[in-house]
Protein chains: 2
Amino acid sequence: MHLFWEKGYGSTSVSDILKSADINSGSLYHYFPGKQDVLLAVLEDYQNGLGNMLLNPAWEGVTDPIERIFRLLDRYRRSIIETDCTYGCPIGSLALEIHEPDPVIREQLVNNFAGWVEAVEGCLREAGERLPATINRRELAQFVLTTMEGGVMLARTYRDVAQFDTGVRQLRMFFDRLLLEAATTSNNNQPAGQRHGEIS
Amino acid sequence: MHLFWEKGYGSTSVSDILKSADINSGSLYHYFPGKQDVLLAVLEDYQNGLGNMLLNPAWEGVTDPIERIFRLLDRYRRSIIETDCTYGCPIGSLALEIHEPDPVIREQLVNNFAGWVEAVEGCLREAGERLPATINRRELAQFVLTTMEGGVMLARTYRDVAQFDTGVRQLRMFFDRLLLEAATTSNNNQPAGQRHGEIS
DNA sequence: GTCTATACCCTGATAGAC
DNA sequence: GTCTATCAGGGTATAGAC
């Protein structure tokens with residue numbers, strides 16, 4: 001997992017894996033038919049670890065669903081900093097590196113993206129009427145993903161977190177306007193006592 | 001250029017290039033010190049062709065600066081369709097594929113991104129007071145780039161243009177709100193005769 | 001400037017003893 | 001199940017005739 005993330009799939013040789021795991025060729029090929037199956041196992045691990053490795057740490061002590069989304073993005077920001085701006089989303093990097101992926105690999109990439117989007121979509125649904133009813137929660141969640149992936153890509157290319165921060169800041173502006181819009185509409189249509197959607 | 005775009009840098013062998021160009025090894029190495037220098041020349045070509053190959057065709061017959069931005073995005077949509085959803089932005093793909101790029105390569109990647117962003121920034125500046133004064137034009141332009149890159153990545157992974165369309169649709173919603181906001185503010189502060197920023 | 005032939009290295013994967 | 005040794009193939013780059 002670490003090698004694929006750090007060097008990419010193509011640039012990681014089987015012998016790299018053997019050295020890193022301190023095993024011999026025979027052992028690896030006893031458990032895996034080939035290199036690609038190692039990648040598949042790594043992708044499955046990523047998916048299984050989505051909650052424990054990513055979401056839970058990011059959301060610890062944060063209950064506001066909108067804030068949770070930006071905490072998640074901040075998690076990536078920290079990864080960018082910690083890697084001196086060489087961080088790449090493991091899934092996104094693999095998705096772009098592997099030009100003609102085996103169907104089973106592509107399926108796992110999709111599953112990983114889908115799990116991420118669903119988690120964000122859950123936050124948006126939890127936010128309920130704080131967002132305009134006209135906004136499609138699934139699509140907005142996906143938009144958060146594209147912002148993250150694009151920001152990570154630019155930050156690494158420029159070797160500068162500011163590129164990532166810019167994307168997040170623009171996304172925040174979008175959210176601010178959506179929240180304001182919903183709050184205003186709510187003002188007009190509902191008794192004051194039932195209003196939600198105050199903007200932080 | 002075509003091979004790097006279609007198969008990626010690492011998966012394109014020098015002999016692939018030789019076959020595709022119908023030349024022999026000696027000829028290539030007479031002009032280029034090595035494979036990496038071919039990549040560098042390709043990146044320079046992309047940058048030099050930004051206007052003629054991408055912007056001019058996308059903007060032909062379109063004068064509205066905001067619409068130009070979405071025409072540019074639509075250009076990518078067409079590329080996605082034409083490639084059966086295997087399209088990848090050549091620059092973005094290379095940026096993510098090459099994990100430890102030579103500084104001169106990375107510089108060229110940055111230049112390409114920067115040129116793209118500057119073009120969009122030009123549109124935003126041309127839009128003038130149709131956008132809120134508080135919005136940073138450069139940062140918003142960069143946000144358009146992240147939307148494009150993220151959308152292209154997802155569309156290819158899912159093999160579905162809808163993933164790209166979703167991103168563009170969300171971006172459009174953001175723009176709609178910015179345009180409305182500027183128009184409303186303009187209403188309050190300016191005589192009616194000077195107003196701009198009608199929303200299409 | 002272009003040709004052919006090839007050096008040299010590393011790749012993923014395998015064979016068969018233990 | 002793990003070991004060592006090795007295979008066949010393709011990688012980039014070079015040499016030297018023409």
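Please read all numbers here as calculations on a predicted model, not as lab measurements. Order of the sequence lines sets the chain letters (A, B, ...), proteins ahead of strands, with each chain counted from 1. All values below were derived from every heavy atom in this structure, side-chain atoms included, with hydrogens, water molecules and symmetry-related copies excluded.
With sequence neighbours excluded, the residues satisfying side chain to side chain contact (heavy atoms under 4.5 Å, CB included) with B:V161 are B:R77, B:I80, B:I81, B:C85, B:D165. Here B:D22 pairs with nothing under the side-chain hydrogen bond (donor to acceptor under 3.5 Å, both in side chains) rule; sequence neighbours left out. Remark: A:V168 engages A:F70, A:L73, A:F164 in a side chain to side chain contact (heavy atoms under 4.5 Å, CB included) (not counting sequence neighbours). Residues satisfying the salt bridge (Lys or Arg N to Asp or Glu O under 4.0 Å) test with A:R71, not counting sequence neighbours, are none. Judged as a salt bridge (Lys or Arg N to Asp or Glu O under 4.0 Å), and not counting sequence neighbours, the contacts of B:D16 are B:K7.
Near DNA chain D, meaning a heavy atom under 4.0 Å from it, residues 94-105 of chain B has no residue at all. Residues from residues 33-42 of chain B lying near DNA chain D, meaning a heavy-atom separation below 4.0 Å, are B:G34, B:K35 in numerical order. For the segment residues 6-26 of chain A, the set of residues with a heavy atom within less than 4.0 Å of an atom of DNA chain D comprises A:N24, A:G26, in numerical order.
B:H99 is listed as a side-chain neighbour of A:R156, based on a closest heavy-atom distance under 4.5 Å. Put simply, the side chain of B:Y46 does not reach to within 4.5 Å of the side chain of B:Q108, judged on heavy atoms.
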Got a list of side-chain donor-acceptor pairs under 3.5 Å for residues 114-125 of chain A, not counting sequence neighbours?
residue : atom : partner : partner atom : Å
A:W116  : NE1  : A:Y76   : OH           : 2.8
A:E121  : OE1  : A:R138  : NE           : 2.6
A:E121  : OE1  : A:R138  : NH2          : 2.9
A:E121  : OE2  : A:R125  : NE           : 3.2
A:E121  : OE2  : A:R125  : NH2          : 2.7

Under 3.5 Å, sequence neighbours excluded: what are the donor-acceptor pairs made by side chains of residues 23-34 of chain A?
none

Please list every donor-acceptor pair under 3.5 Å in which a side-chain atom of residues 142-155 of chain A meets a protein atom from a residue at least two apart or in another chain.
residue : atom : partner : partner atom : Å
A:Q142  : NE2  : B:Q163  : OE1          : 3.0
A:T146  : OG1  : A:F143  : O            : 2.8
A:T147  : OG1  : A:F143  : O            : 2.9

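In 5' to 3' order, the nucleotides of DNA chain D bounding all contacts with chain B (an atom under 4.0 Å from a heavy atom) are D:dG11 to D:dT14.
A distance of 11.0 Å separates CD in B:E97 from OG in A:S93, rounded to the nearest 0.5 Å.
Proximity of a side-chain donor or acceptor of B:T86 to a complementary backbone N or O of B:T83 within less than 3.5 Å is detected.
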